[in-house]
Visitor: 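Provided herewith is a single structure, encoded as structure tokens, for subsequent inquiry.
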Number of protein chains: 2
Amino acid sequence: MAVLEDRGHRSTAPRRAIIRFLQGKQEGFTAEEIGRELPDVGRATIFRTVKLLLKAGVICRLNLPDGAPKYSLSRVEHHHHTVCVRCGNVGEFRAATIERLMRAIGGDIPGEAVGHRIELHIICNQCLLEADSR
Amino acid sequence: MAVLEDRGHRSTAPRRAIIRFLQGKQEGFTAEEIGRELPDVGRATIFRTVKLLLKAGVICRLNLPDGAPKYSLSRVEHHHHTVCVRCGNVGEFRAATIERLMRAIGGDIPGEAVGHRIELHIICNQCLLEADSR
DNA sequence: CGAGATACCGATACTCAGTATCAATGAACC
DNA sequence: GGTTCATTGATACTGAGTATCGGTATCTCG
Ligand SMILES: [Zn+2]
Ligand SMILES: [Zn+2]
Ligand SMILES: [Zn+2]
Ligand SMILES: [Zn+2]
């Protein structure tokens with residue numbers, strides 16, 4: 001995980017700490033959450049590093065309808081997100097059919113298509129279970 | 001456009017002003033933009049009314065990667081947005097194929113699909129023209 | 001290794017979108 | 001017209017993110 005070095009950035013203790021932290025995380029996390037777990041790292045540095053990692057494509061940001069944006073390790077190249085509307089947990093999915101369809105729609109629309117972003121809103125299995133058992 | 005009255009809200013001067021303003025708008029607009037055009041309406045009231053109109057389905061919010069969220073009159077029932085990555089202008093589109101596909105994908109994914117949100121990132125014709133003429 | 005250039009750091013103060021509070025107002029209903 | 005209570009605007013606040021800046025650590029090169 002020498003993404004930053006590869007891009008000409010320095011390897012520093014705060015950056016290593018942040019990268020190590022988010023490698024462990026399976027779910028999405030907020031910037032504030034990183035700060036809580038790494039109290040020795042300054043707030044500004046957290047936002048700076050998150051921005052670097054975004055640009056490097058290591059993580060992706062998810063702007064949810066309310067609440068702070070969530071970040072998540074991006075495990076595969078191009079992908080989209082599932083978001084549980086109850087608990088806010090974030091997952092990833094990929095579907096070649098979508099990509100093909102979005103390319104087709106891009107052709108039908110005035111202007112030049114350059115990308116897209118898709119969110120699938122779900123109620124995750126865990127939340128379904130909790131709802132049942134109540 | 002008696003959306004608010006229909007939902008049991010009162011018809012007040014600020015609310016009428018805001019609704020009149022955004023009926024004229026073809027493109028997306030920000031909350032701050034409303035305030036600039038309606039300086040007599042208090043800031044809090046603008047946000048309050050925007051929230052009401054969101055809940056009523058009259059407008060929709062678009063959380064762009066950076067910058068303030070944009071709102072736009074929602075002209076048709078269920079739709080998705082095109083966003084120009086240069087100028088930020090917002091459009092709407094609909095495609096039955098997408099809806100069918102998203103339903104199918106929802107079935108393949110753990111949890112219960114309850115909705116989705118799709119953004120098509122484009123460079124709009126106007127921005128393409130400007131780029132050419134330079 | 002040692003020195004110099006400079007990227008990076010944390011603390012702090014700031015911006016900007018949105019929200020809570022609250023006294024005053026004015027719709028709605030009779 | 002009078003009562004009620006939703007709504008208003010001013011103001012103060014929150015919370016995410018950014019600018020600034022003096023000090024520090026990393027890199028590079030000799
Ligand atoms: Zn992702
Ligand atoms: Zn895609
Ligand atoms: Zn819309
Ligand atoms: Zn454009």
Side-chain angles (χ1 to χ4, degrees), chain A residues 1-22 25 28-56 58-72 83 88 90, chain B residues 1-22 25 28-56 58-72 83 88 90:
Chain A
M1 185 67 89
V3 196
L4 295 180
E5 289 91 320
D6 292 353
R7 301 190 122 224
H9 299 293
R10 291 185 180 168
S11 168
T12 70
R15 285 179 182 168
R16 283 190 299 269
I18 291 173
I19 292 175
R20 205 176 324 121
F21 162 78
L22 55 83
K25 279 269 163 199
F29 45 88
T30 63
E32 191 248 334
E33 220 170 315
I34 305 179
R36 213 183 309 129
E37 298 240 7
L38 303 173
D40 293 346
V41 178
R43 234 171 68 84
T45 300
I46 289 175
F47 284 104
R48 283 190 283 240
T49 305
V50 161
K51 196 181 281 182
L52 282 180
L53 293 172
L54 271 176
K55 276 200 197 120
V58 179
I59 60 180
C60 33
R61 170 164 45 194
L62 206 42
N63 283 52
L64 305 176
D66 349 76
K70 282 203 160 192
Y71 302 91
S72 71
V83 189
V90 172
Chain B
M1 186 65 89
V3 196
L4 295 180
E5 290 91 322
D6 292 351
R7 301 191 121 224
H9 300 291
R10 292 184 180 170
S11 167
T12 70
R15 287 178 180 168
R16 283 190 299 269
I18 292 173
I19 292 175
R20 206 177 322 120
F21 162 79
L22 54 82
K25 279 270 164 197
F29 46 87
T30 63
E32 190 248 336
E33 221 170 314
I34 305 179
R36 213 183 307 129
E37 300 239 7
L38 303 174
D40 292 346
V41 178
R43 236 171 66 83
T45 300
I46 290 176
F47 283 104
R48 283 190 281 240
T49 306
V50 161
K51 197 180 281 182
L52 282 182
L53 293 173
L54 272 176
K55 276 203 199 116
V58 179
I59 60 180
C60 34
R61 172 163 44 192
L62 205 42
N63 281 48
L64 305 176
D66 351 76
K70 282 203 158 191
Y71 302 91
S72 71
V83 190
V90 172

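Order of the sequence lines fixes the chain letters, A, B, ..., with proteins taken first and strands second; residue numbering starts at 1 for each chain. Given the structure is predicted, the values throughout are model-derived calculations rather than measurements.
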Visitor: Nearest whole Å is fine: how far is D:dA16 P from A:E33 CD?
Guide: 12 Å

Visitor: Please round to 10 degrees the angle between the axis of the first five pairs and the axis of the last five pairs in the helix from C:dC1-D:dG30 to C:dC30-D:dG1.
Guide: 40°

Visitor: Show me the side-chain donor-acceptor pairs of residues 39-54 of chain A shorter than 3.5 Å, one per line, residues at least two apart or across chains.
Guide:
residue	atom	partner	partner atom	Å
A:T45	OG1	A:R48	NH2	3.4
A:T49	OG1	A:T45	O	2.8

Visitor: Rounded to the nearest Å, what distance is computed from the CG atom of residue A:L4 to the P atom of nucleotide D:dA25?
Guide: 19 Å

Visitor: When you compare the protein's N or O atoms with those of nucleotides 24-30 of chain C, which come within less than 3.5 Å of each other, and at what distance?
Guide:
residue	atom	partner	partner atom	Å
C:dG26	N2	B:R10	NH1	2.8
C:dA28	OP1	B:S11	N	3.3

Visitor: Can you pull every protein N or O that's under 3.5 Å from an N or O on nucleotides 16-20 of chain C?
Guide:
residue	atom	partner	partner atom	Å
C:dG18	N7	B:R43	NH2	2.3
C:dG18	O6	B:R43	NH2	2.9
C:dT19	OP1	B:K51	NZ	3.0

Visitor: Please report, rounded to the nearest Å, how far the P atom of D:dG17 is from the CG atom of A:L54.
Guide: 10 Å

Visitor: Please report the shortest heavy-atom distance between A:V3 and A:V58, naming the atom on each side.
Guide: CG1-CG2, 3.4 Å

Visitor: Once salt bridge (charged side-chain N to carboxylate O under 4.0 Å, His left out) is applied, do any residues pair with B:R7, and if so which ones, sequence neighbours excluded?
Guide: none

Visitor: Under 4.0 angstrom, heavy atoms only, what part of the nucleic acid is A:N63 near: base, sugar-phosphate, or nothing?
Guide: nothing

Visitor: On a heavy-atom basis, which atom in B:P69 and which in B:N63 lie closest, and how many Å separate them?
Guide: CB-OD1, 4.4 Å

Visitor: Can you check the A:I46 CD1 to C:dG10 P distance for me, whole Å?
Guide: 8 Å

Visitor: Starting from C1' on D:dT7, measure out to CG on B:L53 and report it in whole angstrom.
Guide: 15 Å

Visitor: Tell me the closest heavy-atom pair linking A:G28 and A:S72, and the distance in Å.
Guide: CA-CB, 4.1 Å

Visitor: Can you name the closest pair of heavy atoms from A:A68 and A:T30 and give their distance?
Guide: CB-CG2, 4.4 Å

Visitor: Just how far is it from atom CG of A:L22 to atom CD of A:E33, taken to the nearest 0.5 Å?
Guide: 11.0 Å

Visitor: The criterion is side chain to side chain contact (heavy atoms under 4.5 Å, CB included); which residues satisfy it with B:R20, sequence neighbours excluded?
Guide: B:R16

Visitor: Would you say B:K70's side chain and B:G88's backbone share a donor-acceptor pair under 3.5 angstrom?
Guide: yes

Visitor: Would you name the heavy atoms of A:E5 and A:S11 that are closest together and state the gap between them?
Guide: OE2-CB, 3.3 Å

